[in-house]
Asks: 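Dropping a structure here in structure tokens format, bear with me for questions.
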Amino acid sequence: MDKRLTLDQVANRVYLSDYYFSKLFKKETKLSFSVYLNARKVQRAMFLLKDTEMSIQDVSNELGFTRMSYFSQTFKKYTGYTPSKFRHNK
């Protein structure tokens, strides 16, 4: 979770083409790889925002987001809250 993980990297790690891995992953989980990965990252972010004093920027970096704006946008998409609103409403 703490790295910029890509479909291609994971597929290569298990010796499958990215296309085949993507199809297999979706068949087994009913989710695309990117949706699954972002959902897991948001779950981890929720924990870090509630249970640590890490800054929102540090949480974003910890989870491998390259831009704070993309982290905030993704977090809000999955939770309905911005990271700062979520932290203040905990």
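Values below: every heavy atom of this structure, side chains too, minus hydrogens, waters and symmetry copies. Computed from a predicted model, the values in this text were never measured in an experiment.
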Asks: Going by side chain to side chain contact (heavy atoms under 4.5 Å, CB included), name the residues that satisfy it together with Q43, two or more places apart in sequence or in a different chain.
Replies: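 Q43 satisfies side chain to side chain contact (heavy atoms under 4.5 Å, CB included) with R40 only.
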
Asks: So, taking the atom named CZ in R13 and the one named CG in D8, what distance separates them when rounded to the nearest 0.5 Å?
Replies: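 Result: 13.5 Å between the selected atoms.
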
Asks: Any idea which heavy atoms bring F33 and L7 closest together, and the distance?
Replies: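 Answer, listing the atom of F33 first, then L7: CE2-N, 3.5 Å.
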
Asks: In chain order, what residues pass the ring-ring contact (aromatic ring centres under 6.0 Å, His included) check against Y70, with sequence neighbours excluded?
Replies: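 By the ring-ring contact (aromatic ring centres under 6.0 Å, His included) rule, Y70 matches F65.
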
Asks: For the residue pair V35 and L31, what are the closest heavy atoms and their distance?
Replies: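 Smallest heavy-atom distance, with atoms named: CG1-CD2, 4.0 Å.
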
Asks: Which residue pairs pass the side chain to side chain donor-acceptor pair (under 3.5 Å) test when at least one of the two sits in residues 16-26, sequence neighbours left out?
Replies: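 Pairs touching residues 16-26 that pass the test: none.
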
Asks: Please name the residue in the list F75, Y78, F71 that meets the ring-ring contact (aromatic ring centres under 6.0 Å, His included) test with F86.
Replies: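 Of the listed residues F75, Y78, F71, the ring-ring contact (aromatic ring centres under 6.0 Å, His included) partner of F86 is F75.
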
Asks: Once ring-ring contact (aromatic ring centres under 6.0 Å, His included) is applied, what residue pairs with a partner in residues 39-63 remain, sequence neighbours excluded?
Replies: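 Pairs touching residues 39-63 that pass the test: none.
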
Asks: Of the non-hydrogen atoms in I56 and M68, which two are nearest, and what is the gap between them?
Replies: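 Where I56 meets M68 most closely, the heavy atoms are CG2-CE, 2.8 Å.
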
Asks: Could you pull out all residues at least two apart from T79 that satisfy side chain to side chain donor-acceptor pair (under 3.5 Å)?
Replies: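 Applying side chain to side chain donor-acceptor pair (under 3.5 Å) to T79 gives none.
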
Asks: Could you tell me which non-hydrogen atom of L63 sits nearest to which non-hydrogen atom of R44, and how far apart they are?
Replies: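 Here L63 and R44 meet closest at CD2-CG, 3.4 Å.
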
Asks: List for me each residue that meets side chain to side chain donor-acceptor pair (under 3.5 Å) alongside S32, sequence neighbours excluded, and say none if there are none.
Replies: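 Partners of S32 under the side chain to side chain donor-acceptor pair (under 3.5 Å) test: S34.
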
Asks: Kindly say whether K85 contributes a backbone atom to a donor-acceptor pair with the side chain of N89 at under 3.5 angstrom?
Replies: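 Side chain of N89 to backbone of K85: a pair is present.
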
Asks: Where is the tightest heavy-atom contact between R87 and L48, given as atom of each residue plus distance?
Replies: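 For R87 versus L48, the nearest heavy atoms are NH2-O, 3.7 Å.
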
Asks: Please give me the minimum heavy-atom distance between E62 and M54, naming the atom from each residue.
Replies: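 Residues E62 and M54, closest heavy atoms: CB-CE, 4.0 Å.
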
Asks: Could you list the residues that satisfy side chain to side chain donor-acceptor pair (under 3.5 Å) with Q9, not counting sequence neighbours?
Replies: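 Partners of Q9 under the side chain to side chain donor-acceptor pair (under 3.5 Å) test: T6.
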
